**Q** 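I'd like to ask some things about the structure below.
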Amino acid sequence: MKKKERSASEKRDRLLGIVTASPAAILLCVFTVYPVIYLIYRSLFSGSLISTKKEFVGIDNYKEILFDETFHKVLMNTIIYTVLFVGLTMVLAIIIAVWLNGSRQKKLNNMVEACIFTPHVISMVSVSIVFLWLMEPDTGFFNMVLTSLGLDKFPFLSSPSTAMISLVLVMVWKSVGYYVLLVMAALQTVPVSIYEAAELDNTPKIRTFFKITLPMISPTILFTCVVASIASFRIFDAVNVMTQGGPVDSTNTLVYYIYAYAFRYGNPGVACAAGVVLLVLVCIMTYVQFGVSRNKVHYQ
Amino acid sequence: MGTIQLKNVKKQFDKDVVIENLNLDIEDGSFTVLVGPSGCGKSTTLRMITGLDDPTEGDIYIDGQKVNDVTPGKRDIAMVFQNYALYPTMTVRQNIAFGLENKKVPKEERDRRVKEICEIVGLTEYLDRKPSKLSGGQRQRVALARAMVKQPKVFLMDEPLSNLDAKLRAQMRVELIELHKKLGTTFVYVTHDQTEAMSMADTIVLMKDGYIVQQSSPRELYNNPNSVYAAQFIGTPQMNVLRDALPDGKMLGFRPEKLSFREMEAPHITLRVQVATKEMLGSEIIYSLNSKYGTLMAKTDYEIGGGAEADIYVPFSSMYLFGQDEKRIELDDTAREQIKSVFAE
Ligand SMILES: Nc1ncnc2c1ncn2[C@@H]1O[C@H](COP(=O)(O)OP(=O)(O)O)[C@@H](O)[C@H]1O
Ligand SMILES: [Mg+2]
């Protein structure tokens with residue numbers, strides 16, 4: 001008797017679960033699962049974007065990118081970009097957040113916060129255009145400042161050797177404010193009394209930072225690293241507006257390569273194959289980041 | 001050695017004056033308890049001794065040396081926080097050793113001292129656990145061990161037992177008393193709990209609104225409170241104070257456990273009362289009694305039914321007389337005569 005009652009209520013709970021979760025599940029299926037499956041499926045065919053004619057070619061598309069030197073370069077670029085971007089952003093975000101968190105000047109804090117957060121809400125295309133203009137090698141504002149200070153001009157986006165770092169700097173400028181906010185939120189969860197205990201233990205400031213602050217906010221750091229890595233693996237708009245992958249492919253990245261294959265060279269099969277590679281890489285990267293840091297991250 | 005002195009200390013948070021002018025002497029090797037209702041400035045006082053807060057005015061001396069400009073880490077003190085403030089990311093061992101590492105104590109000595117302390121407080125099995133995997137009592141011990149391992153001149157504790165359940169609290173109380181005996185170091189202990197203060201202290205500093213009401217031994221505080229406030233703070237139920245029985249705003253106090261339902265030889269006064277409520281505690285009974293001068297409390301082994309009328313007897317030897325300003329005044333012969341005549345009516 002009792003058993004029956006419970007199973008009835010269990011059934012009701014399950015039904016409720018299914019009903020409440022289904023809108024999200026349906027959206028997920030339509031906009032995530034289906035495209036991924038179609039991506040993999042389409043990567044096995046040749047044919048152009050406009051015609052409906054396509055031919056099964058097996059793994060030929062994969063072979064093509066595997067032996068494409070541009071693809072190798074693009075992969076390398078993407079990895080370099082990701083490492084530079086995530087490294088710089090995180091270090092800067094942590095430094096700024098710790099500084100803001102420790103400073104007592106409320107007004108100044110709010111101003112700094114607003115300043116560094118503003119770029120985050122401006123559209124990427126506008127930012128790209130503004131920086132394109134600022135970093136213009138001959139007449140741009142940055143080089144005007146440099147020459148007026150008696151320094152050499154910096155080629156920025158016009159030279160293969162400096163284009164990537166210039167791109168990274170623009171992106172860091174644009175996104176660091178967002179990560180500062182995340183890190184600051186984490187810093188505020190560290191109880192003051194722990195810092196006081198450290199003070200009573202006569203702990204030097206630097207040691208307090210590395211032994212207490214950093215471990216305490218490590219879950220947030222890991223999370224932001226993963227999010228930032230995924231975002232930077234998919235960098236596209238800034239590249240498209242500012243460099244179109246140039247000069248000489250020095251800023252060509254994975255997503256731009258995919259875009260170029262699909263819409264410039266009209267070969268969506270290869271683009272899809274590269275997309276699958278991107279998907280796999282992001283999965284591996286995320287998995288590795290979580291795995292490596294499992295023992296280093298402190299969860300409450 | 002660990003004497004502590006606060007001289008003319010004032011503490012102000014923004015415009016809020018929390019402590020007006022505090023003078024406090026704490027003897028070396030004493031177990032001093034700062035007690036008072038919450039918000040009276042106990043923690044603030046303790047934090048100024050640690051250096052976590054700076055006094056707005058006045059000087060603080062530890063061991064005869066002025067420490068106003070000495071950082072907390074260099075004051076040779078250790079503190080146990082109310083919420084323990086353990087480092088959550090470190091194991092018990094790392095928590096305890098952290099201060100020693102900062103002091104650059106060599107590894108071998110460090111390990112030896114950590115091990116020693118852990119044996120004393122019974123943590124040896126848990127050395128490699130994180131605080132989140134420990135019970136409240138065990139965390140408390142880690143906090144103690146972390147303080148002890150530094151071998152400080154002074155131990156400061158801010159309500160260290162208030163997060164424990166009653167049974168564990170009683171046990172830790174005994175352990176702390178023993179620890180103090182063994183170490184012989186100065187303990188300064190903050191609590192709002194009068195029972196804790198009475199049972200642990202050799203000196204009680206009773207505080208109110210940022211000033212010291214009375215500083216004395218627990219026995220002295222119980223037997224000779226210097227004001228209505230001190231008299232009523234110690235003891236449960238609190239002392240009966242008849243506020244409008246005597247002329248000139250004088251007040252008469254006597255403890256619930258000192259009045260009697262039995263006729264007595266010693267000089268006394270008599271009051272007619274009616275039993276309002278009766279609360280059995282086992283060995284004793286707490287009565288609340290209606291009298292001409294308001295409600296009185298009694299704590300006695302005498303049995304009497306609820307609603308019954310009776311006479312109660314209060315000996316002069318157990319009476320306290322307070323002036324209009326609530327300060328204690330001497331119960332001299334003229335006062336006795338006055339009281340006698342009032343209660344003879
Ligand atoms: N950091 C602070 N800023 C402002 N007011 C404070 C601060 N710390 C304590 N106070 C005030 O000082 C008074 C005494 O506080 P405290 O010393 O913590 O009392 P206790 O420990 O006796 O309960 C309280 O009124 C409290 O509101
Ligand atoms: Mg307090």
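Everything numeric in this text was worked out from a predicted model, so none of it was measured.
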**Q** Between B:R47, B:M79, B:Q94, B:K103, which residue shows the highest count of heavy-atom pairs closer than 4.5 Å to chain A?
**A**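 That would be B:R47.
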
**Q** Do the ring planes of B:F31 and B:Y189 sit parallel (below 30°), tilted (30 to 60°) or perpendicular (above 60°)?
**A**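 Correct class here is tilted.
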
**Q** Just checking, is any N or O donor in the side chain of B:T203 or B:E27 under 3.5 Å from an acceptor N or O on the other one?
**A**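 No.
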
**Q** Please flag which part of A:P191 lies under 4.5 Å from any non-hydrogen atom of chain B: side chain, backbone, both or neither.
**A**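 Neither part.
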
**Q** Under a 4.5 Å heavy-atom cut-off, does chain A meet the side chain of B:F81, its backbone, both or neither?
**A**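 Contact with chain A involves the side chain of B:F81 alone.
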
**Q** Hey, what's the ring geometry for B:F155 with B:F187, parallel, tilted or perpendicular (30° and 60° as the breaks)?
**A** tilted

**Q** Nearest 0.5 Å, what's the SG-CE distance between B:C118 and B:M148?
**A**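 So the SG of B:C118 and the CE of B:M148 are separated by 9.5 Å.
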
**Q** If you count heavy-atom pairs under 4.5 Å with chain B, which of A:I212, A:V192, A:D201 comes out on top?
**A** A:D201

**Q** Just checking A:Y178 against A:F117, ring centres under 6.0 Å apart?
**A**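 Here the rings of A:F117 and A:Y178 have centres that are no less than 6.0 Å from each other.
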
**Q** Measure distances from B:L100 to the heavy atoms of chain A and classify the residue's part below 4.5 Å as side chain, backbone, both or neither.
**A** neither

**Q** With a 4.5 angstrom heavy-atom cut-off, could you sort out which part of B:R75 is near chain A: side chain, backbone, both or neither?
**A**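 It is neither, since no heavy atom gets under 4.5 Å.
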
